*Asks:* 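First the structure, then my questions, so here it is.
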Amino acid sequence: MQPKSAHPIPSHPIPSSHARPVPSPAPPHHLMALPNLRHIFASSRTSDEERQLSRTTFYKFAAFVGSCVVISLLASRGAATAAGHHR
């Protein structure tokens, strides 16, 4: 026997006109300052320096993602090889 709850779940869906809107949580204050910091540092560089920095950052990110993919493939191949030898 299941205990009765104080708030039973209705068997019919609640119409959207009766549903209470869920307030979105406010972003933390320390995150709101980040775009301003980026703007401050970007304004201290020339457009060529900003473009070069952006390209360098992109290439480093692409290399990081590529190395993660290679390591994952090697790890899965090693796990498959180890599973194949284990009989």
Side-chain angles (χ1 to χ4, degrees):
M1 182 172 166
Q2 294 181 351
K4 292 184 179 181
S5 64
H7 302 286
I9 299 173
S11 60
H12 60 285
I14 298 172
S16 61
S17 62
H18 294 284
R20 283 187 285 170
V22 177
S24 61
H29 293 294
H30 65 278
L31 291 179
M32 295 176 71
L34 292 179
N36 296 336
L37 288 175
R38 187 189 181 288
H39 176 71
I40 291 169
F41 286 112
S43 66
S44 67
R45 294 187 207 94
T46 65
S47 61
D48 287 338
E49 289 173 333
E50 183 70 20
R51 196 175 304 120
Q52 182 62 37
L53 182 64
S54 179
R55 284 185 182 143
T56 302
T57 304
F58 172 76
Y59 293 140
K60 286 181 179 180
F61 177 71
F64 171 74
V65 170
S67 65
C68 289
V69 168
V70 168
I71 290 169
S72 296
L73 290 174
L74 291 174
S76 66
R77 184 178 295 170
T81 303
H85 291 297
H86 181 71
R87 290 183 179 183

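This one's a predicted model, so the numbers in the text were calculated from it and none came from an experiment. Worth knowing before you read on, the calculation uses all heavy atoms, side chains too, and leaves out hydrogens, waters and symmetry mates.
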*Asks:* Among pairs that include at least one residue of residues 50-75, which meet salt bridge (charged side-chain N to carboxylate O under 4.0 Å, His left out), considering only residues two or more places apart or in two chains?
*Replies:*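 Residue pairs passing salt bridge (charged side-chain N to carboxylate O under 4.0 Å, His left out), neighbours aside: Arg38-Glu50, Arg45-Glu50, Asp48-Arg51.
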
*Asks:* Should side-chain heavy atoms under 4.5 Å link Ile, Leu, Val, Met, Phe, Trp and Tyr, which residues sit in the same cluster as Leu74?
*Replies:*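 Result for Leu74 is Val70.
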
*Asks:* Residues sharing Tyr59's hydrophobic cluster, by side-chain heavy-atom contacts under 4.5 Å among ILVMFWY, directly or via others?
*Replies:*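 ILVMFWY cluster around Tyr59 also holds Phe58.
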
*Asks:* Measuring from atom CD of Glu49 to atom OG of Ser44, what distance do you get when rounded to the nearest 0.5 angstrom?
*Replies:*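 If we round to the nearest 0.5 Å, Glu49:CD and Ser44:OG are 8.0 Å apart.
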
